There are 2 protein chains.
Amino acid sequence: MKMRTPNHRKNQKALDAFASLWRASESLGVSARRSLKGKDLTSCQFGVLEVLYRLGPLCQYELGDNLSCTGGNVTVVVDNLEKRGIVRRERCCEDRRQIYVHLTKTGRGLISQIFPKHVSGIAQAMAQLTRQEQKILERLCQKLNGRNAKPKGNGA
Amino acid sequence: MKMRTPNHRKNQKALDAFASLWRASESLGVSARRSLKGKDLTSCQFGVLEVLYRLGPLCQYELGDNLSCTGGNVTVVVDNLEKRGIVRRERCCEDRRQIYVHLTKTGRGLISQIFPKHVSGIAQAMAQLTRQEQKILERLCQKLNGRNAKPKGNGA
DNA sequence: CTTAAATAGTTTAAACTTAAACTAATATGA
DNA sequence: TCATATTAGTTTAAGTTTAAACTATTTAAG
């Protein structure tokens with residue numbers, strides 16, 4: 001009894017790989033969030049600042065795209081940052097539906113303090129792999145991210 | 001100007017690898033959550049059921065450990081599942097501080113419907129990698145998770 | 001032009017999440 | 001014993017997250 005078919009085994013292997021992947025992602029996330037220690041910023045607030053810092057002013061749906069979250073979510077997080085004078089909303093002239101979110105001087109100061117620590121936190125955690133291993137990891141993850149996806153079956 | 005030191009490049013590579021890892025983890029998570037379609041279960045509620053299904057009754061701090069969340073969080077999620085008759089609390093006799101959480105019959109029925117879809121969703125997404133690639137991915141992630149960590153530097 | 005559809009953002013309700021303060025039960029140690 | 005510390009769980013406050021319903025603006029179709 002309790003016979004394991006090849007399919008069971010295959011699924012188990014996939015589950016194991018997923019569990020490791022998940023834990024690794026969480027673990028790196030923890031390293032990245034260390035940079036927020038004592039800065040009174042939540043990690044999604046940091047996410048907004050980081051995207052604005054790298055990409056410049058964005059309107060809210062672009063922020064949502066970059067952060068993979070809903071519009072309602074962006075509204076709330078930007079509200080909270082705006083109350084503290086860290087970002088600023090500016091309605092677009094050409095399309096008055098859009099609202100661009102800018103870093104204020106305060107916000108820019110804050111994120112430029114934190115960002116280098118954020119980067120080095122990730123780099124330090126990632127340094128458990130060699131450069132070569134990092135490359136392999138990146139390539140495998142890119143494959144999982146759909147770059148090579150030939151749809152098979154119906155997925156339902 | 002704008003000279004990139006080797007350290008800049010190294011950090012950038014690490015960031016790139018992290019970004020891919022993060023997206024892959026998110027992407028697999030989406031595949032896993034497809035099993036919840038139409039079941040009126042949030043993914044953390046599913047998390048509780050899945051752990052109880054695999055490991056049997058657990059007390060709440062053990063649930064929190066398994067789900068990497070705080071005790072207050074467990075209280076709320078178990079509350080919501082209990083209201084719907086999906087789990088049941090049972091105070092422990094030997095140590096009356098502990099409360100064991102059990103699946104009810106309803107809960108067991110629900111999770112045993114969902115679990116196979118959950119597994120096959122992950123397996124299907126993971127099938128973009130060969131078995132060999134999955135093994136490599138798992139090994140690299142385990143390294144990131146500290147299994148091979150020979151401590152270097154102070155980590156602070 | 002005028003209606004209909006699409007888009008950008010807000011609001012609401014329900015749930016999740018954390019940290020911190022709290023209660024109750026247990027363990028430790030003078 | 002009795003005071004102290006630890007542990008398990010709850011509660012609270014603040015913030016995040018989603019889906020759905022909503023407003024305002026723009027675009028497309030007739």
Side-chain angles (χ1 to χ4, degrees), chain A residues 22 25-26 29-30 32-34 36-52 57-84 86-102, chain B residues 22 25-26 29-30 32-34 36-52 57-84 86-102:
Chain A
W22 186 264
S25 176
E26 286 296 301
V30 168
R33 283 191 289 276
R34 288 215 190 92
L36 302 179
K37 199 68 177 285
K39 297 298 179 183
D40 197 23
L41 269 189
T42 65
S43 61
C44 53
Q45 290 172 344
F46 170 78
V48 168
L49 298 193
E50 192 256 355
V51 169
L52 294 177
L58 296 175
C59 60
Q60 296 191 182
Y61 76 89
E62 292 171 318
L63 269 176
D65 281 352
N66 273 283
L67 301 168
S68 300
C69 66
T70 63
N73 196 353
V74 174
T75 295
V76 174
V77 179
V78 170
D79 277 353
N80 286 328
L81 288 170
E82 195 176 31
K83 277 179 211 157
R84 291 168 55 190
I86 293 173
V87 301
R88 171 171 56 81
R89 282 180 163 103
E90 194 169 304
R91 189 160 300 266
C92 178
C93 299
E94 296 139 33
D95 184 340
R96 292 184 43 72
R97 290 171 303 182
Q98 298 181 0
I99 298 183
Y100 274 80
V101 182
H102 297 250
Chain B
W22 185 264
S25 176
E26 286 295 301
V30 169
R33 282 190 291 277
R34 287 216 189 90
L36 302 179
K37 198 69 177 284
K39 298 295 178 183
D40 198 22
L41 270 190
T42 65
S43 61
C44 51
Q45 291 172 344
F46 170 79
V48 169
L49 298 193
E50 192 257 352
V51 170
L52 295 177
L58 296 175
C59 61
Q60 295 190 184
Y61 76 88
E62 292 171 319
L63 269 176
D65 281 351
N66 273 283
L67 300 168
S68 300
C69 65
T70 64
N73 196 353
V74 174
T75 295
V76 173
V77 178
V78 170
D79 277 353
N80 287 327
L81 288 170
E82 196 177 31
K83 277 180 211 156
R84 291 168 55 188
I86 292 172
V87 302
R88 173 172 56 81
R89 281 180 164 104
E90 195 169 304
R91 191 164 294 268
C92 178
C93 299
E94 297 140 33
D95 184 340
R96 291 185 44 72
R97 290 172 302 183
Q98 297 181 0
I99 298 183
Y100 274 81
V101 182
H102 296 251

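Bear in mind the structure is a predicted one, so any value in this text is a computation, not a measurement. Just so you know, these numbers use all the heavy atoms, side chains as well, and skip hydrogens, waters and symmetry mates. Order of the sequence lines fixes the chain letters, A, B, ..., with proteins taken first and strands second; residue numbering starts at 1 for each chain.
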Under-4.0 Å side-chain N/O to phosphate OP1/OP2 contact, [X] with [N]:
X        : N       : result
Gln60(A) : dT10(C) : yes
Arg89(B) : dT10(D) : yes
Asn80(B) : dA14(C) : no

Any chance you could measure [X], atom [atom1], to [Y], atom [atom2], to the nearest 0.5 Å?
X         : Y        : atom1 : atom2 : result
Leu58(B)  : Asp65(B) : CG    : CG    : 9.5 Å
Lys39(B)  : Gln45(B) : NZ    : CD    : 14.5 Å
Thr42(A)  : Asn80(A) : OG1   : CG    : 8.0 Å
Arg89(A)  : Gln98(A) : CZ    : CD    : 14.0 Å
Asn73(A)  : Gln60(A) : CG    : CD    : 11.0 Å
Tyr100(A) : Cys92(A) : OH    : SG    : 5.5 Å

Can you spot which of Val77(B), Val101(B), Leu63(B) makes a side-chain contact (heavy atoms from CB on, under 4.5 Å) with Val87(B)?
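Of the listed options, the one satisfying the test is Val101(B).
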Using the rule side-chain contact (heavy atoms from CB on, under 4.5 Å), only one of Leu52(A), Val74(A), Val51(A) pairs with Asn66(A); which is it?
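Of Leu52(A), Val74(A), Val51(A), side-chain contact (heavy atoms from CB on, under 4.5 Å) with Asn66(A) is met by Val51(A) alone.
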Find the distance [X]:[atom1] to [N]:[atom2] and express it as a whole number of Å.
X        : N       : atom1 : atom2 : result
Arg97(A) : dT25(D) : CZ    : C1'   : 5 Å
Gln98(B) : dT6(D)  : CD    : P     : 18 Å
Asp79(B) : dT12(D) : CG    : P     : 12 Å
Leu36(B) : dA15(C) : CG    : P     : 16 Å
Lys83(A) : dT16(D) : NZ    : C1'   : 13 Å
Leu81(B) : dA14(C) : CG    : P     : 17 Å
Glu82(A) : dT10(C) : CD    : C1'   : 13 Å
Leu58(B) : dA8(D)  : CG    : C1'   : 14 Å

Should the side chain of Arg96(A) and the base of dT25(D) be counted as holding a donor-acceptor pair, with the cut-off at 3.5 Å?
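By the distance-only test, no, there is no pair.
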Charged N to carboxylate O under 4.0 angstrom, Arg84(A) versus Asp79(A)?
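Looking at Asp79(A) together with Arg84(A), the answer is no, because their closest N to O distance does not fall below 4.0 Å.
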Taking only Lys NZ, Arg NE, NH1 and NH2, and the carboxylate oxygens of Asp or Glu, determine whether Arg88(A) and Glu82(A) approach each other closer than 4.0 Å.
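No, no charged N to carboxylate O under 4.0 Å.
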Where do Leu41(B) and Phe46(B) come nearest, in terms of heavy atoms and distance?
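Shortest heavy-atom separation between Leu41(B) and Phe46(B) comes out as CD1-CA, 4.5 Å.
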Return the residues of residues 66-75 of chain B meeting this criterion: a heavy atom under 4.0 Å from some atom of DNA chain D. Order them by number, or give none.
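Going residue by residue through residues 66-75 of chain B, the ones with a heavy atom under 4.0 Å of DNA chain D turn out to be Gly71(B), Gly72(B), Thr75(B).
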Using a 4.0 Å cut-off on heavy atoms, which residues in residues 39-51 of chain B reach DNA chain D? List them by number, or say none.
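Those residues: none at all.
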Could you tell me whether a side-chain N or O of Ser68(A) sits under 3.5 Å from a main-chain N or O of Gly64(A), the two making a donor and an acceptor?
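No; judged by distance alone, with no hydrogens or angles, the pair does not exist.
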Closest to the [X] side chain: [options]?
X        : options                   : value
Asp95(B) : dA24(D), dT17(C), dT26(C) : dT26(C)
Val76(B) : dT7(C), dT17(C), dA8(D)   : dT17(C)
Tyr61(A) : dA8(C), dT17(D), dT10(D)  : dA8(C)

Reading 5' to 3' and counting Watson-Crick or G-U wobble pairs with both distances under 3.5 Å, write the dot-bracket notation for DNA chain D, | for bases paired outside the strand.
||||||||||||||||||||||||||||||
Go nucleotide by nucleotide along DNA chain C from the 5' end; which of Ile99(A) and Arg91(B) gets its closest nucleotide reached first?
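Per heavy-atom nearest nucleotide, the more 5' residue is Ile99(A).
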